J.: 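Below you'll find the structure I mean.
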Amino acid sequence: MSGLRVAVVGGAGYAGGELLRLLLQHPNVAECVATSRSQAGKPVAEVHPTLAPLTDARFSGATPAEVARGRDVVFLALEHGESSRMAEEIFEAGPGMIVDLAADFRVPSLRLYERFYGAHPSPDLVGRFAYGLADVAGDSLRGATSIAAPGCFATAAQLALYPLAGLPLPIAPTLFAITGSSGAGAQPKPTTHHPARAHNVFAYSVLGHRHEAEVLQAWRAWTGRPDADARLIVHAGPFVRGIYLTLHARMPAAVGSSAASAVERYRSSYTGRRFVRLLDRPPELTHAVGTNYALIHAAASDDGRELQVSVAIDNLIKGAGGQAIQAMNLALGLPEETGLTAVGVFPC
Ligand SMILES: NC(=O)c1ccc[n+]([C@@H]2O[C@H](COP(=O)([O-])OP(=O)(O)OC[C@H]3O[C@@H](n4cnc5c(N)ncnc54)[C@H](OP(=O)(O)O)[C@@H]3O)[C@@H](O)[C@H]2O)c1
């Protein structure tokens, strides 16, 4: 499928900028419009200077419904809650596909959603969205017309958890993660101000980060255990891009001798998954930054009772725009790697 006409609603933000960078270089995309309420009329390259060689277009001030009409794909890269507010009229405009990067439609269980986000403003629409964890869902996304792209922490966490699902249930795995400041978006905040962040580390959303909702949703579905637990523990780190996550799990005594098979499961679970790279040693964050790859290392203790898994991703690519485009590719039946094979730069 070539000659795609796509739109990025919320193109002025960090996730929107990353979508534009990738879509403007995607070989099947013929036309890419970006909208912004705050930057309407401004050249895209004034807000995203690195895009200057790719486009001289300006941000459109069209409403999401206006821009969606006649489009093949509409990406929504808006702050939380905005997608719910405008989804109905976008559906009515009838684009071929909607890919939402916000959390609004990621959690089909309204009870779980409510626990972390409060009452859902558009509960009737949630069931229309497929969850776009591309490296797990793969070809099952084929034909999807509404996709909820996973959160950045949630992507790293689920890629660490997924292979464990077929083993005897580990005791509540702990997922310790640290993110760069771009995870908080383009609007300056006290916690992203350079002096507060540059040489600093701090925990936040203690015992209840919102991405835990989608992590629990998936973990419970994969294990078939509605009471299965997992804990996401998040930190802000002194770098701009990337998420580094470490899973630690204690295995039940009964699987004490199966440490090697637990590690082998990571290989078999991701066989053929182009964007998951299993490494022989823990990844380094900078080797994932700038790419759509998830770098994963899994190790078990000698007695087989403990598992430690490290994951490195770029929060704005694998954790946002890159994965959203990978899901679009899969939904359209394109090779999933189309437009996404760039490798990173190092040192960075
Ligand atoms: N950042 C990440 O790592 C990440 C990862 C995965 C998913 N997401 C999700 O993606 C969505 C967008 O996140 P984001 O990080 O891109 O947030 P963001 O940078 O704050 O952008 C969100 C919106 O804020 C407005 N905005 C951005 N820059 C602005 C500026 N300089 N001046 C005025 N308004 C500006 C834009 O809308 P208008 O111009 O129309 O006002 C933009 O669509 C969120 O739902 C988020 O949860 C983010």
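It should be emphasised that the depicted structure is a prediction, and the values quoted were computed from it without experimental measurement. Remember, it's 1-based here, ligands and their atoms both numbered in the order they're listed.
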J.: In the protein, what heavy atom is nearest to atom 22 (C) of ligand 1, and what distance, to one decimal place, separates them?
T.: Glu79 OE1, 3.8 Å

J.: Which is closest to atom 29 (C) of ligand 1 in terms of heavy atoms, Gln187, Lys318, Arg241, Gln323?
T.: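 Checking each option, the heavy atom nearest atom 29 (C) of ligand 1 is found in Gln187.
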
J.: What's the shortest heavy-atom distance between Thr291 and Ala342, and which atoms?
T.: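 Result for this residue pair: CB-O, 3.9 Å.
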
J.: Among protein heavy atoms, which lies nearest atom 3 (O) of ligand 1, and at what distance?
T.: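 Nearest neighbour among protein heavy atoms for atom 3 (O) of ligand 1, to 0.1 Å: Asn315 ND2, 2.8 Å.
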
J.: Using a plain distance cutoff, I'd like to know if Gly10 has any nitrogen or oxygen under 3.5 Å from a nitrogen or oxygen of ligand 1.
T.: yes

J.: Once you restrict to heavy atoms under 4.0 Å, what part of Ala77 touches ligand 1? Side chain, backbone, both or neither.
T.: backbone

J.: Strictly distance-based, threshold 3.5 Å: is any side-chain N or O of Thr63 a donor or acceptor partner for the main-chain N or O of Glu66?
T.: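 A pair under 3.5 Å: yes.
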
J.: Parallel, tilted or perpendicular, judged at 30° and 60°: which one describes the rings of His120 and Phe105?
T.: tilted

J.: Among Gln39, His48, Glu82, Glu18, which one puts a heavy atom closest to atom 30 (C) of ligand 1?
T.: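 Among Gln39, His48, Glu82, Glu18, the closest heavy atom to atom 30 (C) of ligand 1 comes from Gln39.
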
J.: Tell me every residue that passes salt bridge (charged side-chain N to carboxylate O under 4.0 Å, His left out) with Glu284, counting only those two or more places apart in sequence or in another chain.
T.: none

J.: Would you please indicate if the ring centroids of His80 and Tyr117 are separated by under 6.0 Å?
T.: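 Distance test on ring centres: under 6.0 Å, yes.
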
J.: For ligand 1, which atoms, with element, lie under 4.0 Å from some heavy atom of Ala320?
T.: 5 (C), 6 (C)

J.: So that I can tick it off, tell me whether Glu82 and Arg37 are bridged by a salt bridge, with the cut-off set at under 4.0 angstrom between side-chain N and carboxylate O.
T.: yes

J.: Taking CZ in Arg277 as the centre, count heavy atoms belonging to other residues, nucleotides or ligands within less than 6.0 Å. Is the count above 12?
T.: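 Open.
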
J.: What heavy-atom pair brings Leu101 and Arg106 nearest, and what distance separates the two atoms?
T.: O-NH2, 2.8 Å

J.: Among the heavy atoms of Gly183, does any lie under 4.0 Å from an atom of ligand 1?
T.: yes

J.: Would you say that more than 12 heavy atoms from the other residues, nucleotides or ligands in this model lie under 6.0 Å from the CG of Asp227, or not?
T.: yes

J.: With a cut-off of 4.0 Å, which atoms of ligand 1 are near a heavy atom of Arg37?
T.: 37 (O), 38 (P), 39 (O), 40 (O), 41 (O)

J.: Could you tell me the residue and atom name of the protein heavy atom closest to atom 46 (C) of ligand 1, and the distance to it rounded to 0.1 Å?
T.: Leu101 O, 4.4 Å

J.: Identify the closest protein heavy atom to atom 45 (O) of ligand 1: which residue and atom is it, and at what distance?
T.: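 Protein heavy atom with the smallest distance to atom 45 (O) of ligand 1: Leu78 O, 2.6 Å.
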
J.: Starting from atom 14 (P) of ligand 1, find the nearest protein heavy-atom neighbour and note its residue, name and distance.
T.: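 Answer, as residue, atom name and distance: Ala15 N, 3.9 Å.
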
J.: Within the 4.0 Å heavy-atom shell around Gly185, which atoms of ligand 1 are there?
T.: 15 (O), 17 (O), 18 (P), 19 (O), 20 (O)

J.: Check each atom of ligand 1 against the heavy atoms of Leu316 and keep those under 4.0 Å away; list them by number with element.
T.: 1 (N), 2 (C), 3 (O)

J.: Quick one: which ligand 1 atoms are inside 4.0 Å of a heavy atom on Ser38?
T.: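 Near Ser38, the atoms of ligand 1 are 32 (N), 33 (C), 34 (N), 35 (C), 38 (P), 39 (O), 40 (O), 41 (O).
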
J.: So which bit of Ala184 gets within less than 4.0 Å of ligand 1, heavy atoms only: side chain, backbone, both or neither?
T.: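 Neither; no heavy atom under 4.0 Å.
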
J.: For His248 and Glu306, test the side chains for any donor-to-acceptor distance below 3.5 angstrom and give the result as yes or no.
T.: yes

J.: Assess whether a salt bridge exists between Arg231 and Glu212, defined as any Lys/Arg side-chain N lying under 4.0 Å from an Asp/Glu carboxylate O.
T.: yes

J.: Measuring from atom 18 (P) of ligand 1, which candidate in Cys152, Pro64, Ala186 has the nearest non-hydrogen atom?
T.: Ala186

J.: Given Pro188, Gly321, Gly319, identify the one with the heavy atom nearest to atom 5 (C) of ligand 1.
T.: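 It is Gly319 whose heavy atom sits nearest to atom 5 (C) of ligand 1.
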
J.: Of all the non-hydrogen atoms in the protein, which one sits nearest to atom 27 (C) of ligand 1, and at what distance?
T.: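 Checked against all protein heavy atoms, atom 27 (C) of ligand 1 sits closest to Gly13 CA, 3.5 Å.
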
J.: Numbering the atoms of ligand 1 from 1, which are under 4.0 Å from a heavy atom of Ala102?
T.: 45 (O)

J.: Go through the structure and list residues passing side chain to side chain donor-acceptor pair (under 3.5 Å) with Lys189, not counting sequence neighbours.
T.: none

J.: Is Arg305 salt-bridged to Asp303, cutoff N-O under 4.0 Å?
T.: no

J.: Could a heavy atom of Ser182 be found less than 4.0 Å from some atom of ligand 1?
T.: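 True for this residue.
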
